[in-house]
Number of protein chains: 2
Amino acid sequence: MKSDSTLARRPAGALGDAGSGAAGAGAPAFSPLYQQIKALLLQSLQQGEWKPGDAIPSEQELAARFRVSQGTVRKAIDELAADNLLVRRQGKGTFVATHAEQQVQYRFLRLHPDHGDRDQEGPATREILGCRRMRASAEVAAALQLRPGDAVVQVSRVLSFQGVPTILEDLWLPGGPFRGLTLETLTTHPGPMYALFESQFGVRMVRAEERLKAVAAGDAAARRLQVAPGTPLLSVERLAYTYNGVPMELRRGLYRTDRHHYRNELG
Amino acid sequence: MKSDSTLARRPAGALGDAGSGAAGAGAPAFSPLYQQIKALLLQSLQQGEWKPGDAIPSEQELAARFRVSQGTVRKAIDELAADNLLVRRQGKGTFVATHAEQQVQYRFLRLHPDHGDRDQEGPATREILGCRRMRASAEVAAALQLRPGDAVVQVSRVLSFQGVPTILEDLWLPGGPFRGLTLETLTTHPGPMYALFESQFGVRMVRAEERLKAVAAGDAAARRLQVAPGTPLLSVERLAYTYNGVPMELRRGLYRTDRHHYRNELG
DNA sequence: CAGTGGTCTAGACCACGAG
DNA sequence: TCGTGGTCTAGACCACTGG
């Protein structure tokens, strides 16, 4: 095994059929084999070789493809599963995670009813207030890493729980990847918006950052949420990312917290 | 290896010198070996065999002690490290995590300055408003899994950033484990409160849940935080747990969010 | 230098799911 | 019954830390 072990320590790019040419340009950048495998798998996910919901090849197949042991592939997959990009199912295979799964819908929504759980509360009703293409403001452009004036799509909507309007939010999406997104598409599609983004636009949100503040309801927001102007609301600004840390959505929400709360786990 | 593999599949309790007698009473409860090892390590942590900051025995030693392979111990430690209970340091050893480390201070505080980072902002100044022993209300008792009327310690304090009072919070701690906690102790001790709890009371907080709401400042809170009554504030209710899911602290905070925000990562 | 955790391999067997 | 992921072992070598 001595020679194999030595050969295994090769820089990314020298692996299997995924070689990308110039490997030694500048940075030394050696990394563990399983990290290289992880990067290759990530690349396949990103390029759509396997789509959300699909099964990826078995560990044995991948081990053969990359010329490494199954254990090394396993460790790479373990990390991708920990990042919620893949889902392992014993006896069945390993699958590309999707926002369309029944169990983990609204994975990014942290608002919960004060009493009872989401299932008891029932599904949210959604009302799309608008959807229009526009030019990115400096602020939106900065968040989405675009140039000011680039095309973006803005969506406004209200989510209601048990008939009570609870969330008012605006979304901004880069115009390129979301070409063809219309009010029609949004109102017609059932299920979470992120599931729509996956199936119709091939954009999978894998991670997000939120910034919360307490603010007073302005007149317009107060009307939409049916509260008195000045009522304290939770302001939630979200930046959502696809693979490789590319920002793909800016979202600004106002949450009523009279019957709900934002829940967070600290590890 | 056939016979070894078979022997390895034994119920918890039949392992090494950690045997606890009756193993087959009722539940079948078989679990992977590494989970059993993890439980045993957890038990040692809980019982204080290794204190925060200490190094635990090497993987080889633990493997010998539990009569399993190093790989199995490794997997158990991996999970404990993922839960932030242990910290691995290559070349040095594996250590019991502590809230006293410089790098990860305020691990549970999610409030960040809007501009710049915490380091630029400098450390918070703390003012203890009060510390008294009292009987648990029904609400506090329920949260801490005590009986109403049991002894608890209540602490009130204000945290200021750059001279601006920003966080006003009340804490309730179970009277038993925190016997001897006084205003004197609190005001004297430098560093995070959770570090004090570790060193003086042997209570290590490992996990917490928070519930956030937007509320209007009452008169008393407004005075303490130097804002106008009715100003929207972020209400943060935290329940913090030690090992094995035992709740050890209830905390109710009001955060000013005019120059700060609550930051959250969604995976 | 010795000792620690980190990586990699190879092979065995177990548990689960589906035909 | 077969193929999948899940567990466990044993041994090799690498990378880092500190004396």
Side-chain angles (χ1 to χ4, degrees), chain A residues 1-12 14-16 28-39 41 50 54-82 86-97, chain B residues 1-12 14-16 28-39 41 50 54-82 86-97:
Chain A
M1 292 310 109
K2 184 183 288 183
S3 62
D4 265 9
S5 233
T6 308
L7 280 173
R9 308 230 125 254
R10 56 207 150 182
L15 265 176
F30 279 73
S31 68
L33 249 191
Y34 75 88
Q35 290 284 5
Q36 300 174 37
I37 305 296
K38 182 182 175 184
L41 293 174
W50 314 303
D54 285 0
I56 70 171
S58 75
E59 297 180 352
Q60 289 293 0
E61 280 181 72
L62 291 170
R65 181 202 293 198
F66 296 133
R67 317 284 217 77
V68 298
S69 78
Q70 191 198 8
T72 300
V73 169
R74 169 172 290 271
K75 185 147 186 179
I77 293 180
D78 277 345
E79 292 209 351
L80 291 169
L86 296 176
V87 177
R88 322 191 71 141
R89 291 192 200 128
Q90 182 172 140
K92 299 180 71 175
T94 300
F95 299 78
V96 182
Chain B
M1 294 309 109
K2 184 183 289 183
S3 61
D4 265 10
S5 236
T6 308
L7 279 173
R9 308 230 125 252
R10 56 207 149 180
L15 266 175
F30 278 73
S31 68
L33 247 191
Y34 76 87
Q35 289 284 5
Q36 300 174 36
I37 305 297
K38 182 182 175 184
L41 292 174
W50 313 304
D54 285 0
I56 70 172
S58 74
E59 296 180 353
Q60 289 293 359
E61 279 181 72
L62 291 170
R65 180 201 294 197
F66 297 131
R67 319 280 218 79
V68 299
S69 78
Q70 190 197 10
T72 301
V73 169
R74 168 172 290 271
K75 185 147 186 181
I77 292 180
D78 277 346
E79 292 208 352
L80 291 168
L86 295 177
V87 178
R88 323 191 72 143
R89 293 193 197 127
Q90 183 172 144
K92 299 179 72 175
T94 301
F95 299 78
V96 182

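A note on names: the letters A, B, ... follow the listed sequences, proteins ahead of strands, and every chain is numbered from 1.
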Please report, rounded to the nearest Å, how far the [atom2] atom of [N] is from the [atom1] atom of [X].
X	N	atom1	atom2	value
B:Tyr34	C:dC14	OH	P	18 Å
B:Gln60	D:dT9	CD	C1'	13 Å
A:Arg88	C:dG17	CZ	P	15 Å
B:Leu86	C:dG6	CG	P	11 Å
B:Glu59	D:dC8	CD	P	15 Å
A:Lys75	D:dG6	NZ	C1'	16 Å
B:Gln70	D:dC13	CD	C1'	12 Å
A:Leu62	D:dG3	CG	C1'	15 Å

For this session: Return no unless some side-chain N or O of B:Thr72 is found under 4.0 Å from OP1 or OP2 of D:dT7.
Result: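 For D:dT7, neither OP1 nor OP2 has a side-chain N or O of B:Thr72 closer than 4.0 Å.
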Exercise. Does the side chain of A:Arg89 get closer than 4.0 angstrom to OP1 or OP2 of C:dC16 through an N or O atom?
Worked result: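 Answer is no, no contact under 4.0 Å.
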Exercise. Mind checking whether A:Ile56 and A:Glu61 have side chains closer than 4.5 Å, heavy atoms only?
Worked result: no
For this session: Could you tell me whether the side chain of B:Thr94 reaches within less than 4.5 Å of the side chain of B:Leu80, counting heavy atoms only?
Result: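 A side-chain contact is absent here, since even the closest heavy-atom pair is not under 4.5 Å.
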Seminar exercise, completed: Residue pair A:Lys92/B:Ser58 against DNA chain C: nearer the 5' end by closest nucleotide is B:Ser58
Problem set entry | Whichever of A:Gly91 and A:Ser69 has its nearest DNA chain C nucleotide further upstream toward 5' | A:Ser69
Problem set entry | Nearest-neighbour nucleotide for the A:Val68 side chain, D:dC8, D:dG6, C:dT9 considered |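 Of the options given, the side chain of A:Val68 lies nearest C:dT9.
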Exercise. What is the minimum heavy-atom distance between B:Gln36 and B:Ser31, and which atoms define it?
Worked result: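 The answer is NE2-O, 2.8 Å.
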Problem set entry | Over all atoms of both residues, closest heavy-atom pair of B:Arg65 and B:Pro57 |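 The pair with the smallest heavy-atom distance is NH2-CG, 4.1 Å.
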Problem set entry | Donor-acceptor pair under 3.5 Å, B:Arg74 side chain vs C:dG6 base |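 In this structure, the two groups form a donor-acceptor pair.
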Seminar exercise, completed: Per side chain to side chain contact (heavy atoms under 4.5 Å, CB included), B:Tyr34 is matched among B:Thr72, B:Val73, B:Ile77 by B:Thr72
For this session: Name the nucleic acid region contacted by A:Gln90, choosing base, sugar-phosphate or nothing; use a 4.0 angstrom heavy-atom cut-off, strictly under.
Result: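 Touches a base.
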